[in-house]
Amino acid sequence: MAALRALEAAERLRSYTLAANELFITHSAVSHQIRQLESLVGVPLFVRTGNQMRPTAACEQLAASLRRSLRDIDEALSLAGTAHGSGGLPLELSVMTDLADAWLIRHLGEFTDSRPDIRFVLRRHTEMSPPDPAPVDVGIWHRPLELRGFRSLRLPGDMIVAVCSPELLTHFPSLTIETMQEGPLLHFESRSWKEFFEAAGSIYAEPPADVIYTDAGGLLGAALAGRGVAMIRKLVATPYLHSGQLVQIGDIEIPAHLSYWINWRDDHPRAAEIKAFSDWLCRQLDQALSDGP
């Protein structure tokens with residue numbers, strides 16, 4: 001079984017190295033397992049082309065059959081869980097921290113109430129680059145997975161607004177778009193305030209920052225703690241604006257330059273359930289963004 005999984009991954013990824021990374025084994029282990037299979041079937045499964053191992057026609061045919069068989073196994077396991085009242089195996093869901101904390105955790109129950117047959121294990125992700133997709137069923141990240149065999153769908157776009165805590169306004173009561181440059185500004189690693197002030201018709205020279213936040217969840221936390229004014233997505237800011245924990249400064253909005261992408265494997269045995277979740281997510285985000293703060 002280990003050798004068959006190694007072949008399926010190597011054929012799909014067109015790389016022994018990527019297959020080894022996905023399966024958490026060594027490159028030599030993948031090579032050894034595929035040689036075992038070649039001895040078993042009596043035909044070459046990969047041929048070397050330069051520095052790459054290219055699958056043969058026999059390999060592609062075998063890998064396609066393997067994927068169907070592995071899908072049947074996963075479906076059987078899921079059905080076994082459902083038959084015993086456990087509702088099937090949970091889907092591993094990896095989500096960017098800011099989206100998870102500010103929106104998804106608040107609303108995910110609405111989906112699971114409507115689909116009690118679908119359960120999730122939710123893991124928060126902070127890095128800009130996607131994590132290893134092997135243990136993940138569904139990933140919602142800032143970048144699409146550019147790997148063969150994966151589907152990536154861009155979620156509805158968003159706008160950026162300037163927000164701060166009411167506590168900060170007690171120390172800077174005259175804080176407006178025009179005076180904001182004189183107040184404490186929070187700095188995000190992937191976006192400068194320059195674009196925001198240009199949209200407001202102001203000239204801005206980016207000063208050295210005492211602290212630069214590398215993830216939007218940390219930036220949001222600093223704004224809530226009264227550390228300064230932050231540029232935050234409307235989707236993320238809206239619940240806090242409604243509750244009074246944040247206040248919007250001015251009415252300037254600029255497009256968010258980081259998208260959210262939902263990613264899953266094309267041949268996932270539960271692709272229909274994942275697609276149902278993806279469709280629900282897109283509808284809900286469209287509604288949330290149209291409602292606004």
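The structure displayed is predicted, hence computed values, not measured ones.
Heavy-atom minimum distance, Ala100 versus Arg124: CB-CG, 4.1 Å. Asp117 and Arg270 get closest at one heavy-atom pair: O-NH2, 4.2 Å. Minimum heavy-atom separation, Tyr260 to His142: CE2-CE1, 3.3 Å. Of all heavy-atom pairs spanning Ala237 and Val161, the tightest one is CB-CG2, 4.5 Å.
For residues 149-167, every residue pair satisfying the side-chain hydrogen bond (donor to acceptor under 3.5 Å, both in side chains) rule, not counting sequence neighbours, is listed here: Arg151-Asp266, Ser152-Asn263, Arg154-Ser259.
Atom CD of Glu198 has more than 12 heavy atoms from other residues, nucleotides or ligands within 6.0 Å. The environment of Asp210 atom CG is sparse: at most 12 non-hydrogen atoms of other residues, nucleotides or ligands sit within 6.0 angstrom. Crowding of Arg227 atom CZ: a count of heavy atoms from other residues, nucleotides or ligands under 6.0 Å not exceeding 12.
Taken together through direct or relayed side-chain contacts under 4.5 Å among Ile, Leu, Val, Met, Phe, Trp and Tyr, Leu18 and Val136 form parts of separate hydrophobic clusters.
Classified by interplanar angle (parallel below 30°, tilted 30° to 60°, perpendicular above 60°), the ring pair Phe111/Trp280 is tilted.
A side-chain donor from one of Glu178 and Thr176 sits under 3.5 Å from a side-chain acceptor of the other. Ser39 and Arg35 are not linked by any side-chain donor-acceptor pair at a separation below 3.5 angstrom, with hydrogens and angles left out of the test.
Geometrically, Arg115 does not engage Phe120 in a cation-pi contact, judged by NZ or CZ lying under 6.0 Å from the ring centre and within 45° of the ring axis.
The shortest distance between side-chain heavy atoms of Leu91 and Trp264 does not fall below 4.5 Å.
Here the NZ-CD distance, from Lys234 to Glu253, works out to 4.0 Å after rounding to the nearest 0.5 Å. Taken to the nearest 0.5 Å, the CG atom of Leu289 stands 9.0 Å off from the CH2 atom of Trp103.
With respect to the salt-bridge test (charged N to carboxylate O, under 4.0 angstrom), the residues Glu60 and Arg14 qualify. With respect to Asp279 and Arg283, no salt bridge is recorded, no charged nitrogen being found less than 4.0 Å from a carboxylate O.
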